[in-house]
Amino acid sequence: MAELKTTANNTNVEEFINKVENPKRRSDSLIILDLMKKITKEKPVMWGTSIIGFGKYHYKSERSRQEGDWPLTGFSPRKQALTVYIMPGFKNYQKQLKKLGKFKTGSSCLYIKNIEDIDLDVLKSIVKDSLEQMKKIHKVN
C-alpha cells in the first residue's frame, strides 16, 4: 500500500499564506484562516504542501485498503480558487448553498473565486455544521 503524501507537518501556516503569489487570494486566505480558527477552536496545521487543516480524524476507505488521518475541515489557496473542504459533502447543505452566493463544488470541495462573492455567515454555518457532523461520524472530541 502506498504511503499517503498529504500528511500533517510543521510548516508554518502564516508563512505559507504570506507566500501565496496572488495578493487577493492571500488576503482571502487570511479571512478564512481567522473564520476557521474561531469556528473550530483548533490550531491550523499544514497538510502536505498546500492544505491548511483544522482538527483530525482517522478514516478507512470502503473501496480500498487505504486508511489514514485527514483534517476535519480546512482550506487551500489554490491558483484557480480558494478551496474550502467540507468533508461530509454537500448533500445536507442545499438550503445554505442557495444563499451562499457564487461558488462551485466538487465532492467535498467548495471553490470560491472571491470572498466578496459569498455570504460569510452562510459559510460559517456550513463549516460549523460540517465540523459537528464529522465529530459525530468519526467520534472525535
Side-chain angles (χ1 to χ4, degrees), residues 1-64 66-141:
M1 184 166 60
E3 195 170 313
L4 295 175
K5 294 178 186 173
T6 307
T7 58
N9 61 68
N10 293 326
T11 303
N12 184 287
V13 170
E14 285 81 10
E15 285 179 17
F16 166 73
I17 291 174
N18 287 330
K19 290 179 183 174
V20 171
E21 286 184 32
N22 181 320
K24 178 68 175 112
R25 188 84 64 239
R26 187 169 50 243
S27 65
D28 287 355
S29 295
L30 291 170
I31 292 168
I32 297 297
L33 177 67
D34 185 56
L35 177 143
M36 288 201 168
K37 281 182 184 177
K38 289 177 182 172
I39 292 170
T40 66
K41 298 180 180 31
E42 297 272 354
K43 180 183 176 203
V45 173
M46 287 299 301
W47 288 75
T49 59
S50 62
I51 296 173
I52 300 164
F54 297 83
K56 178 174 79 171
Y57 73 98
H58 190 79
Y59 71 90
K60 289 185 180 185
S61 174
E62 295 174 7
R63 291 179 254 155
S64 71
Q66 185 176 357
E67 68 176 279
D69 294 325
W70 195 254
L72 290 168
T73 191
F75 72 98
S76 181
R78 307 275 185 197
K79 284 188 179 186
Q80 294 298 315
L82 186 66
T83 303
V84 177
Y85 298 98
I86 306 297
M87 299 317 298
F90 299 100
K91 185 176 88 174
N92 296 327
Y93 303 110
Q94 295 307 306
K95 287 182 183 178
Q96 291 103 316
L97 291 176
K98 288 179 182 175
K99 298 176 187 176
L100 183 58
K102 191 175 176 181
F103 63 91
K104 291 182 180 180
T105 60
S107 59
S108 295
C109 299
L110 182 68
Y111 303 106
I112 302 165
K113 291 255 186 195
N114 295 300
I115 206 95
E116 295 83 12
D117 292 341
I118 62 162
D119 184 324
L120 281 177
D121 288 331
V122 175
L123 179 61
K124 288 177 193 175
S125 171
I126 293 170
V127 170
K128 184 177 179 183
D129 188 64
S130 74
L131 189 65
E132 290 171 7
Q133 280 188 45
M134 291 300 292
K135 286 180 177 183
K136 287 178 187 174
I137 294 168
H138 295 281
K139 297 179 177 92
V140 176
N141 295 331

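Computed over heavy atoms, backbone and side chain alike; hydrogens, waters and symmetry mates excluded. All values derive from a computational prediction rather than experimental measurement.
Closest heavy-atom contact between Gln96 and Ser125: NE2-OG, 4.0 Å. Of all heavy-atom pairs between Leu33 and Phe54, the closest is CD1-CZ, 3.9 Å. Nearest heavy atoms, Asp119 versus Lys99: CB-O, 3.9 Å. For the pair Asp28 and Asn114, the tightest heavy-atom approach, listed with the atom from each and the gap, is OD2-CA, 3.8 Å. Residue Thr11 comes nearest to Asn9 through the heavy atom pair OG1-OD1, 2.7 Å, listed as atom of the first residue, atom of the second, then distance. What you find for Ile118 and Lys102 is that their closest heavy atoms are CG2-O, 3.5 Å.
In this model, a donor atom of one side chain and an acceptor atom of the other lie less than 3.5 Å apart for Tyr93 and Asp129. For Glu14 and Asn18, the side-chain atoms include no donor-acceptor pair closer than 3.5 Å.
You'll find the side chain of Tyr59 stays beyond 4.5 Å of the side chain of Asp69, heavy atoms only. Counting heavy atoms from C-beta on, the side chains of Gln80 and Tyr111 never come closer than 4.5 Å. For the pair Leu72/Met87, no side-chain contact is recorded, criterion being any heavy-atom separation below 4.5 Å from C-beta on. Counting heavy atoms from C-beta on, the side chains of Gln133 and Asn92 come closer than 4.5 Å. Considering only heavy atoms from C-beta on, Arg78 comes within 4.5 Å of Ser50 through its side chain. By the 4.5 Å heavy-atom criterion applied to side chains, Ile126 and Val84 are not counted as neighbours.
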query = side-chain contact (heavy atoms from CB on, under 4.5 Å) between Ile52 and Ser76: does it pass, once the steps are laid out?
reply = CA-CA 6 Å; Ile52 300 164; Ser76 181; over 6 Å; no
inquiry  = Is there a side-chain contact (heavy atoms from CB on, under 4.5 Å) between Trp70 and Lys56? Walk through the geometry before answering.
reply    = CA-CA 5 Å; Trp70 195 254; Lys56 178 174 79 171; over 6 Å; no
ask   = Should Ile51 and Tyr85 be marked as a side-chain contact (heavy atoms from CB on, under 4.5 Å) after you check the CA-CA gap, both sets of side-chain angles, and the distance that decides it?
value = CA-CA 9 Å; Ile51 296 173; Tyr85 298 98; 3.9 Å; yes
task = Please test Ser108 against Ile86 for side-chain contact (heavy atoms from CB on, under 4.5 Å), starting from the C-alpha separation and ending with a verdict.
result = CA-CA 5 Å; Ser108 295; Ile86 306 297; 5.6 Å; no
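Remark: side-chain polar atoms of Arg25 are not paired, donor with acceptor, to backbone N or O of Pro77 under 3.5 angstrom.
Annotation: the span from Leu123 atom CG to Asp121 atom CG amounts to 9.5 Å, rounded to 0.5 Å. For the atom pair OG (Ser27) and CG (Asn22), the distance works out to 8.0 Å, reported to the nearest 0.5 Å. Note that the CE atom of Met36 and the CD1 atom of Ile31 stand 13.0 Å from one another [nearest 0.5 Å].
Remark: Lys24 NZ is packed, more than 12 non-hydrogen atoms of other residues, nucleotides or ligands lying under 6.0 Å away. The number of heavy-atom neighbours closer than 6.0 Å to CD of Glu21, taken from other residues, nucleotides and ligands shown, is 12 or below.
A salt bridge links Asp34 with Lys38: at least one charged nitrogen is closer than 4.0 Å to a carboxylate oxygen.
The salt bridge (charged side-chain N to carboxylate O under 4.0 Å, His left out) search around Lys128 returns none, not counting sequence neighbours.
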